[in-house]
Enquirer: 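Dropping a structure here in structure tokens format, bear with me for questions.
Excluded from the calculations below are hydrogen atoms, water molecules and symmetry mates; all remaining heavy atoms, backbone and side chain alike, are included. Note that the structure is a prediction, hence the values are computed from the model and not measured.
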Amino acid sequence: MNVYFDNAATTPLDPEVLDAMLPFLQNHFGNPSSIHGHGRQVRAAIENARKTIAHLINAAPAEIVFTSCGTEADNYAAFGSVRTLGLKHGITSKLEHHAVLHTMQALEKCGDLKLSYLRHDAQGRLDLEHLEELLASHPRTYVSLMHANNEIGNLNDIAAIGDICARHNAVFHTDTVQTMGHYRHDVQQLKAHFLVGSAHKFHGPKGVGFLYRRSGLLVDALIHGGSQERNQRAGTENVYGIIGLAKALEIAYRDMAAHQSHIQGLKDRFIEKLRAEVDGVEFNGTSADAAHSLYTVLSVSLPPSEMNEMLLFNLDINKVSVSGGSACTSGANAGSHVLNALNADPDRGTIRFSMSKYNTAEEVDYAVAQLARMYRKEPLSI
């Protein structure tokens, strides 16, 4: 058996998405900026994709800007807001994805803003009273706090955060890369100025994402050149990527209830079997709390053992693909900045199991069996 449990890093492409993309890979090749028929045909497809995404998140089409990925969208929101609006203070947390954390730190290093870090507890739950205090002292601030943590799966209450930001006239950006396509977002109800999506996190293609930018909030473009994306993002559009992005999000919304039920069942099975078969197993953050964690992610903390040094390698040779934290830092020696911020025991091993609609209960059982053998020091089956 060969199993893939690293869906928080990337997901397999849905066949329906590929079918939607193929005509734009093979036949509809026009440049959407061209005024002839070939170009107009492709331009119409891009605008239909924009309308689809806008409809799903209850936005206006003009509020959707296509990007190359979630990281670019995060950068666009931060640099555009801080430099265009003259914001001098930023608030984030040390648990954010590096797409946000490093961007905010770069702005501070350049002297564009002073950065404050929101407090959190040992499980990574954000202190919203501290947010209220910081904003009372620094109104008109740029606030960037994610919806769900990509490593430990914690869900943040972005509705409450949005309300706090609104009371203090703050600009609120939330990185929704891990939840877009897995939860419904309604930007008319959520008091956020920016949301982010990346297609490959919900069975779309790599290399394409989008930024929702609330109407009336005018910020400078991050990439300059042509007039594409209403002068908000220069460069010839990734046409087939955009088509795939819209189709993937459409499918995700269509089948969301069934997929959430299926994946939550797999996660519950993981928790039950790990507790039964691996002595001393624990779970990072609120990962094992169904009410307060992303249903696609389970962050497992394993007891101290010499096995931990080769943990991912041993699982890989036994055909179990997982991550030790964020895939964006795989292979780095510094370890997970999220687990470091939680003061996690460095002697314990960490695995992030992240699941999708394509995983099965049999795959869960196989992965747990391989892990259990490792900690019982029995030979692994290959």
Enquirer: Can you list the residues that meet the salt bridge (charged side-chain N to carboxylate O under 4.0 Å, His left out) rule with R83, with sequence neighbours excluded?
Expert: D112
Enquirer: Could you tell me whether the side chain of S287 and the main chain of F283 form a donor-acceptor pair under 3.5 Å?
Expert: no
Enquirer: Applying ring-ring contact (aromatic ring centres under 6.0 Å, His included) to Y76 and F194, what does each step give before you reach the verdict?
Expert: CA-CA 10 Å; Y76 174 18; F194 300 101; 7.2 Å; no
Enquirer: Heavy atoms only: give me the nearest A8-N150 pair and the separation to one decimal.
Expert: CB-O, 4.2 Å
Enquirer: If you measure only the distance, is there a donor-acceptor pair under 3.5 Å linking the side chains of N308 and Y375?
Expert: yes
Enquirer: Mind checking what makes side-chain contact (heavy atoms from CB on, under 4.5 Å) contact with L85, not counting sequence neighbours?
Expert: S81, L87, R140, V171, L217, V219
Enquirer: Got a sec, which residues hit side-chain hydrogen bond (donor to acceptor under 3.5 Å, both in side chains) with H168, two or more places apart in sequence or on another chain?
Expert: E132
Enquirer: According to a hydrophobic-cluster definition based on side-chain heavy atoms being under 4.5 Å apart (Ile, Leu, Val, Met, Phe, Trp, Tyr only), do Y212 and V208 belong together?
Expert: yes
Enquirer: Which residues pass the ring pair (Phe, Tyr, Trp, His ring centres under 6.0 Å) test with Y295, sequence neighbours left out?
Expert: Y183
Enquirer: Listed by chain and number, what are the side-chain contact (heavy atoms from CB on, under 4.5 Å) partners of D220, not counting sequence neighbours?
Expert: T84
Enquirer: Rounded to the nearest 0.5 Å, what separation is found between the CD1 atom of I91 and the CG atom of L145?
Expert: 8.0 Å
Enquirer: Mind checking what makes side-chain contact (heavy atoms from CB on, under 4.5 Å) contact with I223, not counting sequence neighbours?
Expert: E72, R233, A234
